[in-house]
Amino acid sequence: GSTPEQPVEIEVTRIVAGTPEVIMITPTPEVVEAKPFRVAIVMPSSITDAAFSQSMYEGLLAVQEEMGGPEKMEIAYSEGMFNVPDAASAVRDYASQGFDLVIAHGSQYGSSLQQIAPEFPETSFAWGTSLDTFQADGITNVFAYQAEAQEGGYALGVLAAFMSKSGIMGVCGPVEAGDAKLYVDGFVTGATVQNPNATVQKTYTGSFSDVALMASAAETHIQAGADMLTGSSQSVVGAIGIAKDNGAYWFGTQWDQTALAPETVVASQVYDWTGVIKDMIASRQAGVLGNKSYTLTFKNGGLVIQYNPGIDVPADAKAAVDAAIAGIMDGTIDPLKGPVQ
Amino acid sequence: MAELFTLPVLFGIIYSGIRLATPYLYASIGESFSQASGVLNLGVDGIMLMGAYTGFYVGMTSGSLWLGLLAAAITGLLMGLLMAVISVTLKAEQGISGIGLQLFGLGLSTLLFKLTMGGAISISGFPPVRIPLLGNIPYIGEAFFNHNLLVYFAYLLVPIANFVLNKTTLGLKIRAAGQNPQAADTLGVNITLIRYLTVSMGGLMAGIAGASLSIALINLFQENITSGMGFIAVALVYFGGWKPTGVLLGSLLFSFVNAFQLWIQVKGINIPSDFAVMMPYVLTIFALAFAVKRVSAPAALTKIFERGEN
Amino acid sequence: MQEKHNAKELLNKTFDALLPLLAVPLALIIGALLLLIFKVNPLTAYWSLLQGAFGSVSGLTQTIVKATPLLLVGLGVCIAFRGGIINIGGEGQLIVGALAATAIAVGFPNLPRMIILPLTFLGAILAGGVWGGIPGILKSRLGVNEILSTVMMNAIALQLSNYLLRGPLIDPAEIERGTQIAQSALLPKAVWLTKLVPQTLLHSGAIIALVMAVLVYIFLWRTSIGYRIRAVGLNPDAAKYAGIPVQFYQALSLMLGGAFAGLAGAVEVTGVSHRMLEGLSAGYGFSGIVAALFGKLHPLGSIPASILFGGFLVGGRSMQRAVQVPSALIDTILGLTVLFVVSADIWSSYRARRRLSNG
Amino acid sequence: MTETKPSLLDQIHLQEMRMEGIVKKFPGVLANDHVDFDVHSGEIHALLGENGAGKSTLMRQLYGLYRPNEGRIYINDKEVSFHSPQDAIAAGIGMIHQHFMLVPSLTVVENVALGLKSSRGPLLDLDVVEKRLMEISDKYRLKVDPRSYVWQLAVGEQQRVEILKALYRGADLLILDEPTAVLTPQEVDEFFGTLKQMANDGHALIFITHKLHEVIAISNRITVLRDGRVVGTLNNDGVTKTELAQMMVGRPVILQYNKNPQKPGDARLVVENLSVAGDRGSDAVKGVSFELFSGEILGLAGVSGNGQRDLAEALAGLRPVREGKILLNGKDVTHTSPNHHITAGQSYIPEERMKEGAIKDFSVADNIILQDHNRPPYSRGSFLDFKLIDERTTELVNQYNVKTPSNKTPLKNLSGGNIQKLILARELSRKPAVLIASQPTRGVDVGASEYIHQCLLEQRDSGTATMLISEDLDEIRALSDRIAVIYEGKIVGIVDAATTSVEDLGLMMAGVLPETLEKQTVAPAD
Ligand SMILES: Nc1ncnc2c1ncn2[C@@H]1O[C@H](COP(=O)(O)OP(=O)(O)OP(=O)(O)O)[C@@H](O)[C@H]1O
Ligand SMILES: Nc1ncnc2c1ncn2[C@@H]1O[C@H](COP(=O)(O)OP(=O)(O)OP(=O)(O)O)[C@@H](O)[C@H]1O
Ligand SMILES: [Mg+2]
Ligand SMILES: [Mg+2]
């Protein structure tokens, strides 16, 4: 992962305020007490899913190391919590065990958190991807976070279209919703802006875990002429394997997927949650238990395009990506619509 | 819709369907032997997972895919043997033992994966082998004759299994053990031995089915990589009426429709993707209900064998 | 004398029923070796398992909350199995039950509890019944094997749920917010099941399940319909001879199996999550089979079996949290436990046979 | 291990078999209580006893199906211990089982070839087996179609396959557990020829039957079992049926019936031009018409496999009618479900009653209410009245002398004969208007047969219209008022029972029309 050394800009969206404000935070929160800061995370898939769950877990590990190891920060996790009531009881359990911060890492956990948070006013909670801190219900101890997945989608779409010889790209999605959908929409926009003649084919397997069907989906894309593939969820590993076998390129999201297939993965949009985590910790230590929402963007460094050093990406392609990122950062490009006229 | 009816799409579907059917073929043919002898093994999915893991891990660390395949086969065999001990010797209810085996395989394969690999890595699996001459026919060559060895083996297995079941003394004993074990027993057929044999061979094949995913088709391992394929494989045995050719038919139907629905999505045809994904399941039921000749299950299937009771 | 004999027989029977449980420690011993690989003290781990499942009010209530859908699905499994049908479609039947309950409850937000609550449950039971009834009719009319059709129906239900939760049933607030989380709107409070213990998840669904267990027992063994279902399950030829329409009762038993799974779905949405969510079924369709078979396919036996199994699920999770091992380790131990318990069955039947031949 | 002997005349290795002090316990039953039994080469030793006396159990231990609790088995004076039938087969023992041990989904040849060593190693040699099977089948005149599936065969044909299976294997010692129960008299005669020939060849034979005349006709020695104990072993010189019956039952048995004069009433069952498809697709019953009157017993005679079973099943509503009409008590029940037939007042004792007529895993009491569980008085508002059911069961169990530990005992723990009696008790006690009784005394001991026959006659006297389907001509002639003979699915003729000779019946059973028989022996058919 990438742990920026400089101060991170975090965009904090206050629902009340309506306009995002930018605050500066210090990289390492001061830990005053001797007892460690205790973080628990509950997640739908596993800490090694090469996707959403792993991105957050590794973020926690990075912060832990920065803070000085397990003595300074304790991390507990519950994985495989696809069933929401199970996740809710895990969250409740952590809260009653006195954890400082309990992260419910899945948008489906929101409504449970809404019920649990008021029961534990001393505990900080966080959830994502969402921006809703339930402030409207008078809840003040919930953080919310989300990734502007479409931003990286746009950038990678540009890159894919640039590199594609056939002008055909394939997207392998799990279900048409949430973070995955945003990413895909961004990718389609980026690709078609870069190459107006480009075709972006989409498939959904209806499952977050069906690796084999995902592989078939990738195969179908390739047969239909695609030479650039992307997709989201933990099941894309299947598609990556197929891309590799067929000499197609892959673009990853949520986590740096290079290690899965070093000769296939061109670049990944990496979610870097360290800034968010550190700010939540710092806020809590400053007495603010919640009511802040965070968005990962290119601008605040939460989203990073990680290139695979093993693959030669033409300089002009990189330049196009850089231009796209710059455009997104300065607002001249809307990742879901294209350049703003 | 018209864009779906082109040669590239047709042969694309055939190519993908043939590949997709491979793990089902291994698992279902193995399971049909076990069921033909009277043992319902619902744990195929768990065995596939263990096979997929060991096949991948051994293949990766040793650098030899064949060694990986062997490891997967042995793992499958051992898991099958475990099922046989539980359901044949200890006479446990077959349905529940299978579910236990599935849970165990799912848990253990994930655990080992985390312990030894931490995260998914991809390898180069069995490469495609183009069959000389035939492989060069336009379209047909690509769709039928440019697959990896494990795919060819799966299809080769169909006539072999057919032969064993129908033309050998062993096959006759297997069928008798599933239909009337008491009768076979009185003729000196060792029911226990036969069932041990079929259930462990079924396990072995399920192990290979798993490996076909992890070292020949997808070429990596991820937790729960089968995502319930083992249960579909069991269902396909019923579709196939306990006959290898029937199982072939079922696996192909299911896989072709699955490949077809992906093309529907790729071509951007406007139906919700969920309904597209549903298609193979719906059509398999329909085909069995209206098109395929149905056979009744082996009379002793799921029944515990007690000597002398009749 | 007679009384003493009866008491002894009861003692023996209880012992036989408990004998398989002696297999649990064996499974745990193997699990302990796995725990040691992860450098975890097995005693600490198992203590947290026990503590998590039964050691506190919150643990105990969670166990019962988990046991509730297991028992309901298990009751359906009992009926179907008794009718000679292997129902592995509990997962799909539960999902459509939950979907129907959600659609009804969300569709009529202003009806009084007295009307909407029964309506919601009825809808779920009907939907589950239809989902079980389709394979039932396919079996009886067209001879389609139920294992095949129920496995397929599970997948179809899952996709149906995906579709509805992203489309017609999605929470309008999700669209408004643009988050598009695949979940339904919160159900009106009128259909929320009553909390039995404040500050816990325990809801009146547990009572429904218990009552149902007794009713199913009466149904199967005290009524002529139950007699017919059992007759059809044990010997279809003789049942046909006796004038029982075999195919109808096969379809009926699968339909009833589905209805119970559908009811479990309704209980989950109205008692626990208060909305329809992805992943709601949580494998209950399969764990329910285990619970039913642990309970010897007896509705009353399924009660302790569900509690045991529910306790394992809850305790397993809290053990995972306490000692931070991968959740897969819990699945492994659970799988081992199932395998050991069924394997141990032979000893109790052996004991029973020996007793009979000696006495 | 299971080597095929090229010929029956091969060397016999097993000279003598001796069982000593055999004890076998089952839950609640002492099936064998210190039984001594022996047989030697060249001998036919009959084993006799009431239903449940322990005959099958004793033989199953000899065949390695059960292990004795106590006792020893010697072969040629060497102690042996059989863990499975494989061991017994290896020692030269063969067994024809009382319950058919056939695989219905396999063909006749496949059933014969099962478990045999093939001449082609691991590959099947069905053509070789078929050829040799046909030789044996010709030699002993046991006709079967080797390529038919067993499920397509009638019971008698299945029994032939069982015998062929054993003959094919050419065992030194052959156990025959009620092999003649389903054979016609002619078949029995031929079969006895075979047995005698085998004995002459040096085989040892153990023969179990409930038909005393058969015992006297064929055996060298006779052992009688009662309640698991040996009552005695005697040489077959000058023993009478009455003596044997008394030894078995422990009291004198009447072997003759007094039939009251017939009081015929209205037509209870009218069958018009009935055609029924058989299992093999073609019609098994072809345009059959007859009437069955209140207060009469109409015997249906015929060689097994001539459509009796299909006719009976059609009459019971269990098999679809292709053409024609069935009127039951004046009601047209042609295309209705079995339930309609039952409601219209019909009882049916099926031929395969172990499989169709009872639920073995149900208790004795549950089996009593099989057809009537949803009718008053057993069920009220769909709840079952257990007290009443229990009372009724006790009553029937006592009345019909069914040996059972309790009303709650699973039926499968009763001896076959007792299961039979229970089914009969149920069917007769339903006071049917029409009773279709298929082989009602097959496999039942003399005491029970006698009782069943009396019951059938009592029912007749009280007005029941009975159709008695049997391959036992003695039984048919003793009980029937009229006899219909069926041949290849057609009724050859209906004749008066009292005035028609066995020989004429035999000719009719071979398809000879009554008109062509000698005038004076034929009674006018009504
Ligand atoms: N598997 C079994 N389990 C329990 N009891 C049994 C079993 N087999 C036989 N019995 C009992 O043992 C006794 C002897 O049965 P067996 O079958 O040997 O009698 P049989 O002499 O062959 O009678 P039949 O003339 O009816 O064939 C009977 O009381 C029967 O109920
Ligand atoms: N399928 C059948 N069709 C017709 N008659 C049958 C059939 N099966 C059994 N019978 C008859 O029923 C009679 C009684 O059964 P049987 O005495 O075999 O029971 P059993 O020997 O006590 O049972 P077990 O072998 O379990 O001890 C047998 O003599 C046999 O002729
Ligand atoms: Mg017997
Ligand atoms: Mg008997």
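Below, read A as the first sequence line, B as the second, and so on, with proteins coming before strands; counting in each chain starts at 1.
For Y348(D), the parts lying near chain C are the backbone and the side chain together; criterion is any non-hydrogen pair under 4.5 Å. For A358(D), the part lying under 4.5 angstrom from a heavy atom of chain C is the backbone only. For a residue to count as touching a neighbouring chain, one of its non-hydrogen atoms must lie under 4.5 Å from one of that chain's; by this rule I369(D) touches chain C with backbone and side chain alike. Neither the backbone nor the side chain of Q346(D) comes within less than 4.5 Å of any heavy atom of chain C. Heavy-atom distances place no part of R375(D) under 4.5 Å from chain C, backbone and side chain included. Contacts of S382(D) with chain C are made by both backbone and side-chain atoms, with heavy-atom separations under 4.5 Å.
Between the side chain of K355(D) and the backbone N or O of D237(C) there is no donor-acceptor pair closer than 3.5 Å.
Here the OH-CG distance, from Y227(C) to L370(D), works out to 4.5 Å after rounding to the nearest 0.5 Å. Considering CD1 of I244(C) and CG of N339(D), their distance stands at 9.0 Å, rounded to 0.5 Å. Interatomic distance, N374(D) CG to R228(C) CZ, rounded to the nearest 0.5 Å: 4.0 Å. Atom CZ of F383(D) and atom OG of S224(C) lie 9.0 Å apart (nearest 0.5 Å).
Per-residue counts of heavy-atom pairs under 4.5 Å with chain D were compared for P236(C), G226(C), A242(C); the largest is that of A242(C). The most heavy-atom pairs under 4.5 Å with chain C, out of Q371(D), H373(D), E356(D), come from H373(D). The residue among N69(D), D366(D), I342(D) with the most heavy atom pairs within less than 4.5 Å of chain C is D366(D).
For H340(D), the NE2 atom sits in a loose shell: 12 or fewer heavy atoms of surrounding residues, nucleotides or ligands are nearer than 6.0 Å. Heavy atoms of other residues, nucleotides or ligands lying less than 6.0 angstrom from OH of Y149(D) number 12 at most. Crowding of R430(D) atom CZ: a count of heavy atoms from other residues, nucleotides or ligands under 6.0 Å exceeding 12.
Heavy-atom minimum distance, W221(C) versus L384(D): O-CD1, 4.4 Å. Nearest approach of P338(D) to Y241(C), heavy atoms of both residues: CB-O, 4.4 Å.
When side chains are defined from C-beta on, K360(D) does not count as touching N235(C), because their heavy atoms never get closer than 4.5 Å.
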